[in-house]
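Notes for the one structure printed next.
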Amino acid sequence: MAEVVGGFLMPHLPAIPSAGFGADPAQVATVYKAFEQISERIGELEADTVIIIGDDHYENFGPHCIPSCLIVTGDVDLSAHAQTLGMEGGPIANNEPLARHILETGYAEGIDWAFAKSLGVDHSVGVPYHMSVKKHAGVRVIPIFLNCVVAPLIGNRRAHEVGQSMLRAVRSWPENERVVVFGTGGISHWVGGPGMGHVNVEFDHRILDMIEKGDVEGLIELPDDTVLAEAGNGALELKNWICALGMLPNAKAETMAYEPIPEWVTGCGFTQLDVAA
Amino acid sequence: MMSISAMEKALWQIYQNPADTERFGADAQAYVKDFNLDELECSMLVSFDSMAMISHGANPLLVMMAFQTAMGMERFPEYFATVNGMAGDAPAA
């Protein structure tokens with residue numbers, strides 16, 4: 001019987017693999033240590049599969065087709081752009097049977113999944129994979145993409161429902177799988193427009209505190225306009241976190257690290273989500 | 001007539017299709033004629049007026065990525081300064 005054994009919330013910045021752009025080495029070290037801790041926990045949890053929830057940055061999904069939520073059910077590789085960021089391309093093992101089961105479970109429950117039989121994933125999945133999963137031979141990855149980038153976006157409530165549906169799918173999968181969930185992105189950052197480079201430390205701590213207190217409903221109720229005004233368009237990636245939290249009800253959340261890194265234009269927050277024994 | 005969708009299509013193709021990046025770089029005036037854009041929008045794209053396009057409603061992330069692709073990362077400090085109305089260094093995006 002499959003089960004979700006743990007989860008993590010983390011940034012997915014394209015600058016992370018190269019540690020470039022003049023970021024303070026002490027801050028970079030904190031970020032790298034957090035990813036290393038996540039990697040170690042994946043080993044301790046004896047994970048078989050990691051579900052990585054990210055958002056395509058107007059890269060694979062252009063004006064011709066913008067899915068609200070998409071699951072990759074087949075071949076996974078890094079996108080051409082992701083391979084320019086200090087990450088090596090090549091096949092990434094997908095848990096195809098479980099991905100297909102998540103898709104079909106969602107269909108039966110009214111989740112309007114799009115799916116990809118083959119995808120070169122962008123940095124939102126590629127960076128967390130590269131930093132924390134890649135070294136674990138045999139651990140497979142299921143990439144999930146929510147539309148947090150091109151308006152109209154997926155709603156917070158729907159993102160949470162997608163996570164809840166994925167949890168039910170995992171729990172109904174008859175194989176023995178130990179699944180870890182990554183919610184990636186955020187926290188505050190303004191990408192490409194006015195305000196770029198600013199980090200709202202107060203907002204970021206407020207979000208991390210809400211997660212530690214288990215206030216998922218409060219996160220869901222945060223209007224997009226409020227997030228946009230206080231924390232920038234990049235903070236809308238909190239939808240990925242909300243989706244992950246949907247897979248981890250009643251998890252004990254603990255902030256692992258937080259660094260506001262202006263050179264990376266982002267407040268980088270990490271949370272560990274422990275499943276009650 | 002304004003068309004944000006057509007503008008984003010033109011920007012996305014600059015970002016994602018090397019042949020279109022090259023075409024835009026070689027002759028931006030000719031490139032924009034392939035899209036359903038009005039005169040003002042054509043002008044914004046040809047001059048790559050980032051703030052004008054963002055103010056017009058184009059997705060800021062897409063404008064930035066198209067700029068990086070068309071102009072090169074070495075000119076990113078210029079983009080950063082423009083959108084912030086100031087001189088600045090080039091952080092990651």
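The chains referred to below are lettered A, B, ... by the order of the sequence lines, with proteins before strands, and numbering in each begins at 1. This is a predicted model, so every value here is computed, not measured.
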Any donor-acceptor N/O pair, B:Asn84 side chain to A:Pro194 backbone, under 3.5 Å: no
Portion of B:Tyr79 that has a non-hydrogen atom of chain A nearer than 4.5 angstrom: side chain
Residue pair A:Val149 / B:Asn59: nearest heavy atoms and the distance that separates them: O-ND2, 3.0 Å
Distance (rounded to the nearest 0.5 Å) between B:Met73 CE and A:Phe21 CZ: 4.0 Å
Contacts with chain A made by residues 5-13 of chain B (heavy-atom distance under 4.5 Å), listed by residue number: B:Glu8, B:Lys9, B:Trp12
Atom CD of A:Glu36 with >12 non-hydrogen neighbours under 6.0 angstrom: yes
Nearest-0.5 Å distance, CG of residue B:Leu61 to CD of residue A:Glu59: 9.5 Å
Shortest non-hydrogen separation from A:Tyr58 to B:Tyr15 and the atoms involved: O-CE2, 3.3 Å
Heavy-atom closest contact (A:Gly193 atom, B:Pro60 atom, distance): N-CB, 3.8 Å
Crowding at CD, B:Glu74 (>12 non-hydrogen neighbours, <6.0 Å): yes
Contacts of residues 46-54 of chain B with chain A (heavy atom under 4.5 Å): B:Met51, B:Ile54
A:Phe115 atom CZ, over 12 foreign heavy atoms within 6.0 Å: no
Which portion of A:His64 sits near chain B, non-hydrogen atoms under 4.5 angstrom: side chain
Contact class of A:His198 relative to chain B, heavy atoms under 4.5 angstrom: neither
Residue selection (most heavy-atom pairs with chain B, distance under 4.5 Å) from A:Ala80, A:Pro63, A:Ala23: A:Pro63
